[in-house]
Amino acid sequence: MQMQAGAAGGSQADSCQVKVQIDFADEHKSALLQQIPLVAETLEAQAENLPTEAVVQMYKDRKLKEQLTQLTQTVSSVLTAAIATEHYSGTQISASFSVVELDCDILQALINCASVAMLNSTIKCRFLPIAICLLQQE
């Protein structure tokens, strides 16, 4: 993960913006789909009712994009709360994540990765967020 701070142009020059970008090594984002079994099951069930494989893929891509957008917004809001944005007016802070392999909760991994990056940076923080994943045994 990389964190960078730089001057931002535009109309919001007095506020700090935190931008999050999440990339996957797997272009099909299968790691993200595995994180959300309910969505995967729903996609499989609905795929049987869709007319062609292209429509199935389009529907799957749209659902994955929705999930990725929600994940990006969640991480961005956590980082915005954690970073002392009042010290960075007119700045855009970018956090870039590259997901290569995933063996735990993706939100937990992204937040903990960002916390380590902020700890090792010169970015002033109100707090360092941490995340845990609780597993339920059946």
Side-chain angles (χ1 to χ4, degrees):
M1 194 207 102
Q2 299 175 351
M3 293 195 76
Q4 300 174 339
S11 61
Q12 296 179 343
D14 13 337
S15 66
C16 176
Q17 297 177 334
V18 178
K19 180 182 173 192
V20 173
Q21 178 180 341
I22 304 170
D23 295 316
F24 289 83
D26 173 15
E27 68 182 50
H28 300 293
K29 300 175 183 70
S30 59
L32 180 59
L33 193 57
Q34 291 170 357
Q35 288 285 305
I36 315 158
L38 183 62
V39 171
E41 291 172 13
T42 303
L43 286 173
E44 287 178 24
Q46 291 179 344
E48 296 173 4
N49 299 327
L50 296 174
T52 66
E53 187 64 33
V55 174
V56 170
Q57 188 60 43
M58 184 179 69
Y59 184 75
K60 180 180 174 183
D61 290 344
R62 188 176 72 213
K63 285 295 184 187
L64 284 172
K65 186 175 180 179
E66 289 171 7
Q67 293 298 321
L68 186 58
T69 299
Q70 183 179 14
L71 181 63
T72 300
Q73 290 172 346
T74 301
V75 173
S76 180
S77 66
V78 168
L79 294 180
T80 300
I83 295 171
T85 55
E86 62 274 6
H87 295 286
Y88 302 103
S89 62
T91 302
Q92 177 177 310
I93 298 174
S94 297
S96 300
F97 299 89
S98 295
V99 179
V100 177
E101 185 177 346
L102 195 58
D103 61 354
C104 64
D105 181 69
I106 189 166
L107 184 59
Q108 171 204 356
L110 295 175
I111 290 174
N112 288 336
C113 182
S115 291
V116 171
M118 289 189 301
L119 182 65
N120 291 320
S121 74
T122 59
I123 296 175
K124 295 179 183 179
C125 299
R126 295 182 187 101
F127 59 89
L128 287 175
I130 59 167
I132 61 170
C133 180
L134 300 175
L135 301 176
Q136 180 180 355
Q137 283 187 322
E138 295 180 24

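Along the sequence shown, residues carry numbers from 1. Just so you know, these numbers come straight off a predicted model, no measurement behind them.
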### Query
Roughly how far, to the nearest 0.5 Å, is CD1 of Ile123 from OG1 of Thr91?
10.0 Å

### Message
If you compare all heavy atoms of Gln108 against all heavy atoms of Ala131, which two are closest, and at what distance to 0.1 Å?
### Response
CG-O, 3.4 Å

### Query
Say you draw a straight line from CG of Asp105 to CG of Leu110; how long is it, rounded to the nearest 0.5 Å?
8.5 Å

### Message
Are Gln67 and Gln70 packed together at the side-chain level, in the sense that at least one heavy-atom pair is separated by less than 4.5 angstrom?
### Response
yes

### Query
Has the side chain of Ser76 got a donor or acceptor atom that lies under 3.5 Å from a matching backbone atom of Gln73?
no

### Query
Taking a hydrophobic cluster as the set of Ile, Leu, Val, Met, Phe, Trp and Tyr residues connected by side-chain heavy atoms closer than 4.5 Å, whether directly or through intermediates, do Ile83 and Leu119 fall within one such cluster?
yes

## Note on the structure
Between Val20 and Phe97 the two heavy atoms that sit nearest each other are CG1-CE1, 3.8 Å

### Expected output: side-chain Thr80 to main-chain Ser77 donor-acceptor under 3.5 Å
no

### Query
Among pairs that include at least one residue of residues 83-93, which meet salt bridge (Lys or Arg N to Asp or Glu O under 4.0 Å), considering only residues two or more places apart or in two chains?
Glu86-Arg126

### Query
Distance from Asp61 atom CG to Met58 atom CE, nearest 0.5 Å?
9.0 Å

### Task
Would you confirm whether Tyr88, through its side chain, and Lys124, through its main-chain N or O, come within 3.5 Å as a donor-acceptor pair?
yes

### Task
Drop me the distance from Ile111's CD1 to Met118's CE, to the nearest 0.5 angstrom.
9.5 Å

### Task
Compare all side-chain heavy atoms of Leu64 with those of Phe24 and state whether any distance is below 4.5 angstrom.
no

### Spacing of Thr74 atom OG1 and Leu107 atom CG [to the nearest 0.5 Å]
6.0 Å

### Message
For a 4.5 angstrom cut-off between non-hydrogen side-chain atoms, does Lys19 reach Ile93?
### Response
no

### Query
So which heavy atom on Leu128 is nearest to which on Ser115, and how close?
CD2-O, 3.8 Å

### Set of side chain to side chain donor-acceptor pair (under 3.5 Å) partners for Gln21, sequence neighbours left out
Asp23

### Message
To the nearest 0.5 Å, what is the distance between SG on Cys125 and NE2 on His87?
### Response
10.0 Å

### Task
Without swapping roles, check the side chain of Asn112 against the backbone of Ile130 for a donor-acceptor pair under 3.5 Å.
no

### salt bridge (Lys or Arg N to Asp or Glu O under 4.0 Å) partners of residues 88-102, not counting sequence neighbours, each pair once
none

